[in-house]
Visitor: 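First, the structure itself, so that you have it in front of you.
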Amino acid sequence: YQPFTGYILRHMPLVTITKAVNMYLSFLAMKRTSLPVYNVLKRLQPVYALLQDGLIRGSRPNMGETWGVLLISIGTVVTGLGDLDFDFG
């Protein structure tokens, strides 16, 4: 834990904009996909968060975090596999 500092404040606009874009894209996804597909994509959010953390802060996840995200992602895809029906038209 780090107390709130100027260093953290410097990154807030980028994180805020990134979250706003993420929410906007989520709303667009709801127009083009079924609810089960949207749920699968939403549950894959930890993958996006790890990538964003690496790009913004340059941090790398440890092996436990990587395995945790991998297991969640595999479970999400396996659970929603029968419901995946994209609408590209």
Side-chain angles (χ1 to χ4, degrees):
Y1 172 77
Q2 292 179 344
F4 192 70
T5 64
Y7 177 76
I8 294 172
L9 184 61
R10 182 172 57 122
H11 293 288
M12 297 266 308
L14 180 59
V15 172
T16 302
I17 290 170
T18 304
K19 181 60 180 173
V21 169
N22 179 285
M23 290 176 66
Y24 177 73
L25 293 175
S26 293
F27 293 139
L28 286 178
M30 282 299 295
K31 290 170 108 177
R32 304 291 295 173
T33 63
S34 65
L35 185 60
V37 170
Y38 174 75
N39 282 331
V40 168
L41 295 175
K42 187 169 173 69
R43 302 277 187 270
L44 292 174
Q45 183 69 23
V47 175
Y48 169 76
L50 280 182
L51 293 173
Q52 180 182 350
D53 197 31
L55 291 174
I56 292 175
R57 297 189 316 160
S59 66
R60 295 180 55 100
N62 63 36
M63 189 61 74
E65 293 168 339
T66 302
W67 275 103
V69 169
L70 180 66
L71 290 173
I72 289 171
S73 300
I74 290 171
T76 296
V77 172
V78 167
T79 301
L81 203 54
D83 296 326
L84 295 180
D85 180 29
F86 285 93
D87 177 20
F88 290 111

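Computed from a prediction, not measured in an experiment: that's the story for all the values here.
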Visitor: Could you state the interatomic distance from CG (N62) to CD (E65), rounded to the nearest 0.5 Å?
Guide: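 Atom-to-atom, N62:CG and E65:CD are 4.0 Å apart.
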Visitor: Applying a strict under-4.5 Å side-chain criterion to I, L, V, M, F, W and Y, I'd like to know whether L70 and V47 cluster together.
Guide: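 L70 does not cluster with V47.
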Visitor: Is it the case that one hydrophobic cluster holds both Y38 and V78, taking links as side-chain heavy atoms less than 4.5 Å apart, direct or via other members?
Guide: no
Visitor: For L55 and Q52, run side-chain contact (heavy atoms from CB on, under 4.5 Å): C-alpha distance rounded to whole Å, both residues' side-chain angles, the deciding distance at 0.1 Å, then the answer.
Guide: CA-CA 5 Å; L55 291 174; Q52 180 182 350; 5.8 Å; no
Visitor: Testing L71, V77, V69 one by one against S73 for a side chain to side chain contact (heavy atoms under 4.5 Å, CB included), which residue passes?
Guide: V69
Visitor: Taking all atoms of both residues into account, what is the closest heavy-atom pair of V15 and I56, and its distance?
Guide: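 Looking at all heavy atoms of both residues, the closest pair is CG2-CD1, 4.3 Å.
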Visitor: Could you go through Y7 and R10, starting from their C-alpha distance and side-chain angles, then the distance that decides it, and tell me whether this counts as side-chain contact (heavy atoms from CB on, under 4.5 Å)?
Guide: CA-CA 5 Å; Y7 177 76; R10 182 172 57 122; 2.9 Å; yes
Visitor: Which heavy atom of I72 sits nearest a heavy atom of R43, and at what distance?
Guide: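 Distance-wise, the nearest heavy atoms are CG2-O, 4.1 Å.
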Visitor: Can you check whether L14 reaches H11 side chain to side chain, under 4.5 Å on heavy atoms?
Guide: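 No - every pair of side-chain heavy atoms lies 4.5 Å or more apart.
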Visitor: Verify, without hydrogens or angle tests, whether Q45 (side chain) and K42 (backbone) share a donor-acceptor contact under 3.5 angstrom.
Guide: no
Visitor: Decide whether Y24 and V21 are clustered together by the hydrophobic rule: side chain heavy atoms of Ile, Leu, Val, Met, Phe, Trp, Tyr closer than 4.5 Å, transitively.
Guide: yes
Visitor: Y48 and T18: side-chain contact (heavy atoms from CB on, under 4.5 Å), yes or no, with the steps?
Guide: CA-CA 11 Å; Y48 169 76; T18 304; 2.6 Å; yes
Visitor: Measuring from L44:CG to I74:CD1, what's the distance to the nearest 0.5 Å?
Guide: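 That separation rounds to 11.0 Å.
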